[in-house]
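The figures that follow rest on heavy atoms only: side chains count, while hydrogens, waters and symmetry mates do not. Note that ligands are numbered from 1 as they come in the structure, with each ligand's atoms numbered from 1 the same way. This structure is a prediction, so every number in the text was calculated from the model and none was measured.
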Amino acid sequence: MADVEISGDGSGNSKRRRLLDGAARLHNDDDSPPNCLADLPSGILAHTASFLATPSRVLLLHALNDSDDDVPSSSSAIVGSHHEVLDFGQIEKALAEKLSDQDIQRILLHTDAFNKVKKLLLTNCIKMTGVGLEPLRGSEIIEQIDLSIVEFVGDDRETSISCDHVLPILDSLIEREGPAMKHLQFPKKWRKEVVTESDFHAFLGRYNQMWEGRGRIDCPMCKEQSVLAYDGEEQDIIGPWVYTSEHSEEWNFYGTHNNVCYGCLKYSCGECDDGGSLLHFCYKCERTYCVHCATLNYCSVCEKEYCLDYCKEFYSCDGRPDADFGDYDFKCGQNICEDCVYSEKRECRKCKKSYCSTDCSNRTYDEDEINRCDHCCSFLCYDCDNPLSSSNTLAVADFFNKVLSGRHDIDKLRKCGDCNKAACADCQLKFGKSVENLDCKGCVKMIVSALLEEKEMKKELQGELERKNERLESNSAQIEELKEENCRLKNGIKEVKNAIKGLPM
Ligand SMILES: [Zn+2]
Ligand SMILES: [Zn+2]
Ligand SMILES: [Zn+2]
Ligand SMILES: [Zn+2]
Ligand SMILES: [Zn+2]
Ligand SMILES: [Zn+2]
Ligand SMILES: [Zn+2]
Ligand SMILES: [Zn+2]
């Protein structure tokens, strides 16, 4: 243990080494290092454990002790005592994926979850069936359980969570007078479709009843509206605590909470001015957040909201819709989610800028003119399609540079006169390589003329280049001639000078 100073990656590491070093000396009279972690004194273990998330602390405790009964006096120090939030998303994903019901049961027992845990997030516990949640049965403390296991809708990992095991425990949390339960995030596999005869659907009914049984709850924001409809009153406006039907095929709210923030558990009616803008539903993680707990962006293309960065990346529209009226500085700037930029191909394939609408990318085109390829759907923004009429001086300069250096590729959409379909330069090239596979005669004609035109243009550019070279060559020949002439003249001068020298004075 003499290598205290070797650790080069920051003082934290060497500090920990020193601690372990000290521990070894404390424990072993003969100065030999401890053989395993269990040999370390409990103070050191407790200190080490304080860096870990709660589930890891319990797992560490069990790794140190072979049997459940043999729990040392140091156990509470290792596990700690602040367990209001038990979040399995805080431990390694690979570890959480391996946890069995027995592991989860142990963690709940050791943290005294029944009396302490208010928020339980079972992120990544894909092996858990729900049997392991038994220690929570009847808890009057717990306010929130996230049973969704996977973080996003669309994560198709196989999960073991089962209604048979979980619902009886959840019933015990909502059945008595005055339970604390405010939010349950259900697994997507239970919420995929509404099955009115299912146990899950019946549970949602009981859960809503529990809230209705509390009578009217005023919205804390406006103090006017009820937070939820009870006795069927105002059902259309405010709705129940959790949705028991699909909102629409695309917007599936089934089994999600209506009016409570996933983060802080505050609720609002969702209808008053404050409340209306306060809660936002993310279509990727399918959680509702207040503006204080998460930032959600609205995509102006798909008209959905998503947690910014965490659930989706956003781009802002580069369109300058007022450029034709002389205002080139005004940028549209509307948010577009990553899906809409890529899957809807709203990114110009040449300049890679994103555009929210055809108005923004298409500004001066007539209505029946197009700048999107009907074959691959890629599109070319106005500036790239019309470099010469572009008000973007950089685009114009770039175009001239390319033409002058002979690198100008003809990136122009062409429209077939017969089928009316437009083809981009890439598709034209692709079709040009196998014209025989094209069904439409008009398209064949278009491709052939495009290729000819391109050939013509290349020829022209080539000709221009050759003429330039010829001029250059003739110039250099002229220079050679002049040099020779120069030489001749110089020699003549020399001869004349010599002749002058030879003259009698
Ligand atoms: Zn309100
Ligand atoms: Zn909140
Ligand atoms: Zn989200
Ligand atoms: Zn979108
Ligand atoms: Zn462009
Ligand atoms: Zn725009
Ligand atoms: Zn194309
Ligand atoms: Zn055609």
Side-chain angles (χ1 to χ4, degrees), residues 152-154 247-252 280-287 289 294-365 367 369-374 376-403 407-414 422-428:
F152 304 117
V153 174
H247 200 70
S248 73
E249 207 170 293
E250 203 184 353
W251 295 8
N252 188 1
H280 298 268
F281 181 79
C282 169
Y283 284 86
K284 176 140 189 218
C285 63
E286 297 197 332
R287 291 174 173 92
Y289 286 101
T295 307
L296 275 81
N297 259 8
Y298 174 81
C299 170
S300 58
V301 178
C302 62
E303 302 184 331
K304 287 177 181 168
E305 285 184 297
Y306 297 103
C307 306
L308 180 60
D309 297 332
Y310 190 67
C311 285
K312 285 234 191 287
E313 271 185 59
F314 277 83
Y315 298 82
S316 73
C317 173
D318 282 300
R320 296 178 196 273
D322 289 345
D324 289 331
F325 309 108
D327 186 358
Y328 196 77
D329 291 334
F330 174 70
K331 206 171 128 179
C332 163
Q334 293 222 66
N335 287 323
I336 319 167
C337 78
E338 55 180 276
D339 287 0
C340 290
V341 166
Y342 296 117
S343 67
E344 304 239 330
K345 303 207 173 163
R346 279 167 189 280
E347 189 188 62
C348 168
R349 57 206 193 80
K350 206 163 184 190
C351 66
K352 305 288 175 206
K353 285 180 178 170
S354 313
Y355 294 91
C356 76
S357 66
T358 21
D359 277 349
C360 275
S361 60
N362 214 22
R363 53 193 172 77
T364 2
Y365 286 113
E367 236 165 78
E369 233 180 315
I370 29 80
N371 60 349
R372 188 181 282 279
C373 172
D374 286 314
C376 70
C377 285
S378 74
F379 98 100
L380 209 58
C381 74
Y382 179 84
D383 284 351
C384 291
D385 201 19
N386 299 277
L388 289 177
S389 52
S390 166
S391 40
N392 181 351
T393 43
L394 273 177
V396 178
D398 182 55
F399 177 75
F400 273 116
N401 271 333
K402 279 189 175 153
V403 173
R407 284 186 293 116
H408 176 63
D409 44 339
I410 303 151
D411 203 344
K412 187 89 190 158
L413 280 167
R414 279 166 211 280
C424 70
D426 287 346
C427 289
Q428 290 168 35

Inset, instruction - Return the minimal non-hydrogen interatomic distance between A423 and C373, and the atom names on each side. - result: CA-SG, 3.9 Å
Inset, instruction - Report, rounded to 10°, the angle at the Zn ion (ligand 4) between the two atoms SG (C299) and SG (C302). - result: 100°
Inset, instruction - Describe, in one word, how the ring planes of Y315 and Y342 are oriented to each other, choosing from parallel (under 30°), tilted (30 to 60°) and perpendicular (over 60°). - result: perpendicular
Inset, instruction - Without swapping roles, check the side chain of E338 against the backbone of E313 for a donor-acceptor pair under 3.5 Å. - result: yes
Inset, instruction - Assess whether atom CZ of F152 is packed by more than 12 heavy atoms of other residues, nucleotides or ligands within 6.0 Å. - result: yes
Legend entry - Apex the Zn ion (ligand 5); atoms C381 SG and C348 SG; angle rounded to 10 degrees: 120°
Inset, instruction - Rounded to the nearest 10 degrees, what's the angle SG of C337 makes with SG of C340 at the Zn ion (ligand 4)? Could you check? - result: 100°
Inset, instruction - Using the Zn ion (ligand 6) as the apex, give the angle to atoms SG (C317) and SG (C356), rounded to 10 degrees. - result: 120°
